[in-house]
Amino acid sequence: MTSALLRAHPAAHPVRDRTEAQALPKGETRAATGAVLALEAVSLGFGGIKALTAVSLDVKAGEIRAVIGPNGAGKSSLINVISGLYQADAGEIRFGAQRFRAVPPQRLAVLGVARTFQNLALFPALTVAENILSGLVFQRRSGVLGHLLSLPAARREQARQNGQVRKVAERLHLTAALDRKVGTLPYGLQKRVELARALVAEPRLLLLDEPMAGMTATEKAEMAGFVRQARDASGLSVILIEHDIGVVMGLSDHIAVLDHGVKIADGTPDQVRRDPEVIRAYLGAEAA
Ligand SMILES: Nc1ncnc2c1ncn2[C@@H]1O[C@H](COP(=O)(O)OP(=O)(O)OP(=O)(O)O)[C@@H](O)[C@H]1O
């Protein structure tokens with residue numbers, strides 16, 4: 001990644017982490033800027049390890065925001081704090097006007113947040129359709145009994161949800177695979193099923209933890225296209241963690257850079273790749 005950064009822009013124009021809150025008129029809060037998500041000085045430690053140190057970050061509606069950084073920089077920790085898997089030691093996470101220190105994971109769907117995982121988290125023995133449908137489980141109103149007895153309300157709900165599954169499968173070119181068991185699919189297609197499961201509930205914020213890891217160049221380009229298309233179609237916001245710098249530069253509106261748990265830069269792709277501290281962070285990582 002370093003060489004890609006250096007090749008692109010050897011000149012240096014720093015983009016320091018001036019938190020946008022400082023630029024706001026007096027008395028105005030981040031929530032008032034219309035940010036879908038705002039992190040305020042979030043810190044997280046594991047024993048002596050500081051995974052995140054006072055990280056602030058805004059994600060606006062319709063924005064694709066990448067978080068990059070060398071191995072161990074704190075990227076997954078950040079997503080895990082946002083999605084409630086980890087609890088911040090300090091700071092605040094806001095979804096619109098709702099504030100949390102510890103995000104309740106069971107409320108994520110209600111907050112309009114969906115995620116994919118660094119390592120696939122699908123049900124390999126279930127079909128593609130069933131896996132995608134599992135992304136709607138939190139929207140289910142009819143009880144198990146209603147479904148077992150095939151009551152009219154449960155049947156209507158089932159039909160509506162099947163329609164949602166077919167719609168997202170079509171958008172992600174998965175229609176032909178709907179009845180196949182996920183475990184029998186090539187890896188790149190499984191990653192796409194995971195994206196479909198995250199999108200089926202039409203989230204406002206999508207957290208993508210290395211969605212293109214292990215993919216071929218063609219699969220990455222397709223995946224990037226699907227993410228962009230989803231954003232364009234519904235105006236959802238995306239936080240993207242991805243190691244492929246070419247993908248990140250091409251897909252993101254803004255990029256935050258973490259190094260040893262500290263946000264060292266934040267700006268457009270052009271600004272970030274010219275930042276000397278970013279280049280230093282990657283050179284240091286490579287030299288280590
Ligand atoms: N559950 C945990 N227990 C202990 N330490 C952890 C845990 N999760 C993360 N860490 C530590 O926190 C730091 C940040 O890790 P994290 O996985 O967030 O980095 P990352 O940027 O996602 O790395 P990578 O690119 O390698 O996935 C690392 O030092 C890591 O070892």
Side-chain angles (χ1 to χ4, degrees), residues 1-5 15 17 37 39-57 59 64-93 100-105 108 113-121 187 190-191 194-195 198 205-215 220 223-224 227 238-252 254-267 269 272-273 275 277-288:
M1 167 156 180
T2 312
S3 47
L5 278 168
V15 185
D17 175 19
L37 171 75
L39 265 60
E40 286 278 6
V42 166
S43 295
L44 172 73
F46 297 101
I49 299 167
K50 287 186 167 178
L52 298 170
T53 304
V55 174
S56 296
L57 190 77
V59 183
I64 298 180
R65 204 178 209 310
V67 178
I68 65 170
N71 289 335
K75 305 178 296 291
S76 291
S77 296
L78 190 82
I79 280 209
N80 287 335
V81 164
I82 295 169
S83 58
L85 284 184
Y86 295 163
Q87 180 175 343
D89 301 322
E92 190 171 274
I93 300 113
F100 301 95
R101 164 70 57 78
V103 179
L108 274 189
V113 184
R115 71 167 292 177
T116 65
F117 290 83
Q118 195 167 348
N119 300 309
L120 282 168
Y187 178 77
Q190 293 193 31
K191 291 289 257 187
E194 214 188 9
L195 178 65
L205 176 66
L206 177 63
L207 310 175
L208 298 176
D209 195 351
E210 300 199 26
M212 289 122 186
M215 285 186 168
K220 284 181 187 179
M223 193 71 158
V227 172
V238 180
I239 295 186
L240 169 71
I241 293 182
E242 178 54 51
H243 280 285
D244 186 320
I245 195 64
V247 168
V248 168
M249 292 292 164
L251 190 56
S252 316
H254 289 99
I255 302 173
V257 187
L258 296 180
D259 185 31
H260 293 105
V262 176
K263 192 173 85 169
I264 59 167
D266 197 343
V272 159
R273 69 181 144 202
D275 187 294
E277 203 164 325
V278 175
I279 293 166
R280 200 161 38 243
Y282 278 98
L283 274 177
E286 248 175 32

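Atoms within a ligand are numbered from 1 in the order they appear, just like the ligands themselves. By convention here, the first residue in the shown sequence is residue 1.
Ranking protein heavy atoms by distance to atom 1 (N) of ligand 1, first place goes to Y86 OH, 3.3 Å. The protein non-hydrogen atom at the shortest distance from atom 19 (O) of ligand 1 is G74 N, 3.2 Å. For atom 11 (C) of ligand 1, the closest non-hydrogen atom of the protein is F46 CD1, 4.0 Å. Of all protein heavy atoms, the one lying nearest to atom 27 (O) of ligand 1 is Q118 NE2, 3.5 Å. Closest to atom 22 (O) of ligand 1 among all protein heavy atoms lies S76 N, 2.9 Å. Atom 21 (O) of ligand 1 has its closest protein heavy atom at K75 NZ, 2.7 Å.
Looking at E242, its side chain does come within 3.5 Å of a backbone N or O of M212 through a donor-acceptor pair. Under the 3.5 Å distance criterion, the side-chain polar atoms of K75 are matched with a main-chain donor or acceptor of P70. Between the side chain of R101 and the backbone N or O of G91 there is at least one donor-acceptor pair closer than 3.5 Å. For the pair E194 (side chain) and F117 (backbone), a donor-acceptor distance under 3.5 Å is present. Using modelled atom types, one side-chain atom of D89 and one backbone atom of G45 make a donor-acceptor pair closer than 3.5 Å. The closest donor-acceptor contact from the side chain of K50 to the backbone of H260 lies at 3.5 Å or more, if one exists at all. A distance-only check finds no donor-acceptor pair linking the side chain of T116 to the backbone of L208 [under 3.5 Å].
Across D209, L39, V42, a single residue satisfies side chain to side chain contact (heavy atoms under 4.5 Å, CB included) together with L78, and that is L39.
Close approach to S77 involves these atoms of ligand 1, each under 4.0 Å from a residue heavy atom: 9 (C), 14 (C), 15 (O), 16 (P), 18 (O). Within the listing of ligand 1, atoms 19 (O), 20 (P), 21 (O) sit less than 4.0 angstrom from a heavy atom of A73. Heavy-atom proximity to H243, at under 4.0 Å, picks out these atoms of ligand 1: 25 (O).
You'll find the side chain of R115 reaches within 4.5 Å of the side chain of L85, heavy atoms only.
Considering backbone and side-chain N/O atoms, I49 never comes within less than 3.5 Å of an N/O atom of ligand 1. Taking only nitrogen or oxygen atoms, main chain and side chain alike, A51 does not reach within less than 3.5 Å of ligand 1.
Within 4.0 Å of atom 4 (C) of ligand 1, at least one protein heavy atom is present.
Heavy atoms of N71 found under 4.0 angstrom from ligand 1 belong to the backbone as well as the side chain.
Nearest residue to atom 23 (O) of ligand 1 from G69, G48, G72, G47 is G72 (criterion: closest heavy atom).
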